[in-house]
**Q** 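Sharing a structure with you now.
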Amino acid sequence: MIPLSGPDITQREKDLVMEVLDSGILGLGPKMKQFEQMMAEYVGVKHAISCNSGTSGLHMLIAAMGIGEGDEVITTSFSFVASANCILFERAVPVFVDIDEKTYNLDVTQIEAKITPKTKAILPVHVFGQPANMDEIRALAKKHNLWVIEDSCEAIGGEWNGERVGGLGDAGVFAFYPNKQMTTGEGGIIVTNNDEIAELCHSIRNQGRGEDGLWLSHVRLGYNFRMDELSAALGVAQLERIDEILAKRDAVAKMYSEKLKDVAEVILPHVEDNVKMSWFVYVIRFAEDVDRDLVMERLSKRGVGCRPYFTPIHLQPFYVERFGYKRGDFPVTERVADKTLAIPFFNNLTEAQVDEVVAAIKEEIANAKEPAAL
Ligand SMILES: *Cc1c(COP(=O)(O)O)cnc(C)c1O
């Protein structure tokens, strides 16, 4: 069995978690503050507000920016469902734009045509850890007076023109579920330079409490989106090791790219010249004549973890039912999504395991090629 993903936990993580347990302070304590400070410094922003998931971080930003009933937010369908759901939570509407065929990120040339008087924000997703074209997105946002929310949940440590993602728009979010580059168990964090947004997010994550600190005074509708101290301790230990973690992932990605480069039926992940990729997953794309689903089924049977990253959001049953989307609405997204596959990828994947995965892929491609037309 070679799993699709897995966390990288050392003695340091265990020690810090034990420290929290021994301290008796399990919520709203010093580890949360420490983790937030470290993260703000790492990303290069004024504020970091931890929370209990990437999804809740995105949700809070939509609420804090005053995006609501009938407002529109431009985003991508080639993502995890939470990046569009966060807009629906506040009764606003996600407006999808098709993707760039090489980077799989928002096709920035198609954004402007989707901007209407109701548009309030652009929400780019740095898909698989590759930063979206933030120059173009910021220029469009400035021109049309829109917020920019970076869904950086897959891209901690990624850089666009030498600048870390998360701090490139008005606010960004990172996520720390165990399959991400670094983990806190469940968890997420908002990063921003905007004082007002930061203050609102502090309040919203803590039941709408005001800044006066009175425990039973609630000045707005809020949630319990707080990060606990055990998660924060994990976050501190993982963030201390982030350079090592990202370097290990980079090395695994390089191994795959080297060993798969001569397989004619596989399109390797493309990385733009002006970005630093933060490898979240390693996603290959099969040629048109390869039946991806068949390869996936056979790899799974052999114990090689794999998953179709992503099924487009607009084709998720709930979105089809609610908005009437159909195949053909976003042709590039669909063409890419039909043939992409995430393969085993984690920090401590060995070269022997990479060889095993590559050999299995080659064999199963041969079994899954559609017969040539007569
Ligand atoms: C993981 C992820 C999220 C949500 O993170 P959770 O912590 O699982 O809520 C949001 N957007 C993208 C693109 C993600 O990959």
Side-chain angles (χ1 to χ4, degrees), residues 4-7 35 39 48-63 73-90 94 96-97 99 103-106 121-132 134 137 148-158 165-166 168-169 171-191 201 204-205 223-228 230-232 234-235 238-239 249 269 277-283 307-314 316 319 333 336-337 340 342 345-346:
L4 182 61
S5 66
F35 180 46
M39 188 60 80
I49 303 101
S50 62
C51 50
N52 60 0
S53 72
T55 305
S56 59
L58 289 166
H59 181 181
M60 282 192 276
L61 284 177
I62 296 289
V73 177
I74 292 178
T75 189
T76 170
S77 172
F78 193 65
S79 182
F80 181 61
V81 72
S83 53
N85 281 351
C86 67
I87 300 161
L88 295 178
F89 295 155
E90 292 296 316
F96 297 120
V97 166
I99 57 170
T103 64
Y104 308 155
N105 277 321
L106 272 180
I122 306 175
L123 193 155
V125 179
H126 305 306
V127 166
F128 306 152
Q130 167 137 256
M134 292 306 293
I137 289 166
V148 175
I149 302 168
E150 288 178 82
D151 181 342
S152 306
C153 289
E154 304 185 352
I156 182 121
V165 301
L168 301 175
V173 177
F174 298 104
F176 308 120
Y177 187 72
N179 71 335
K180 309 282 180 181
Q181 290 90 325
M182 59 168 274
T183 186
T184 61
E186 297 283 2
I189 203 162
I190 293 167
V191 289
C201 290
I204 295 168
R205 94 169 156 187
Y223 302 84
N224 177 359
F225 285 161
R226 299 183 304 256
M227 174 178 276
D228 66 87
L230 298 160
S231 295
L234 272 174
Q238 294 259 288
L239 193 54
R249 300 177 86 82
M277 180 93 178
S278 166
W279 291 92
F280 163 49
V281 280
Y282 192 89
V283 173
R307 202 166 285 167
Y309 271 40
F310 285 108
T311 302
I313 297 173
H314 74 277
Q316 297 289 350
Y319 278 78
T333 298
V336 168
T340 41
F345 189 72
F346 45 91

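Both counts, for ligands and for their atoms, begin at 1 and track the order of listing. A quick note: this is a predicted structure, and the numbers were derived from the prediction, not measured. FYI, side chains are in, hydrogens and waters are out, and symmetry mates aren't considered; it's all heavy atoms of this structure.
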**Q** Step by step, work out the side chain to side chain donor-acceptor pair (under 3.5 Å) result for Q238 and T183.
**A** CA-CA 7 Å; Q238 294 259 288; T183 186; 5.6 Å; no

**Q** Can you see whether F174 has K180 sitting over its ring - NZ or CZ less than 6.0 Å from the centre and within 45° of the normal?
**A**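 No; the conditions do not both hold, so K180 does not lie above the ring face of F174.
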
**Q** For ligand 1, run through the N/O pairs with the protein that fall under 3.5 Å and put one pair on each line.
**A**
| from | atom 1 | to | atom 2 | distance (Å) |
| --- | --- | --- | --- | --- |
| ligand 1 | 7 (O) | G54 | N | 2.8 |
| ligand 1 | 9 (O) | G54 | N | 3.4 |
| ligand 1 | 9 (O) | T55 | N | 2.9 |
| ligand 1 | 9 (O) | T55 | OG1 | 2.5 |
| ligand 1 | 11 (N) | D151 | OD1 | 3.4 |
| ligand 1 | 11 (N) | D151 | OD2 | 2.8 |
| ligand 1 | 15 (O) | E154 | OE2 | 2.6 |
| ligand 1 | 15 (O) | K180 | NZ | 2.7 |

**Q** Could you go through the side chain to side chain donor-acceptor pair (under 3.5 Å) check for N52 and Y223 one step at a time?
**A** CA-CA 11 Å; N52 60 0; Y223 302 84; over 6 Å; no

**Q** Y319 vs F96 aromatic rings, parallel, tilted or perpendicular, using cut-offs 30° and 60°?
**A**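 Rings of Y319 and F96: tilted, as their planes differ by 30° to 60°.
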
**Q** I'd like to know if the side chain of E154 pairs up with that of H126 as donor and acceptor (distance under 3.5 Å, no hydrogens or angles considered).
**A**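 H126 and E154 do not have a side-chain donor-acceptor pair below 3.5 Å.
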
**Q** Under the salt bridge (charged side-chain N to carboxylate O under 4.0 Å, His left out) rule, collect the residues that match up with R205, sequence neighbours excluded.
**A**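 Partners of R205 under the salt bridge (charged side-chain N to carboxylate O under 4.0 Å, His left out) test: E36.
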
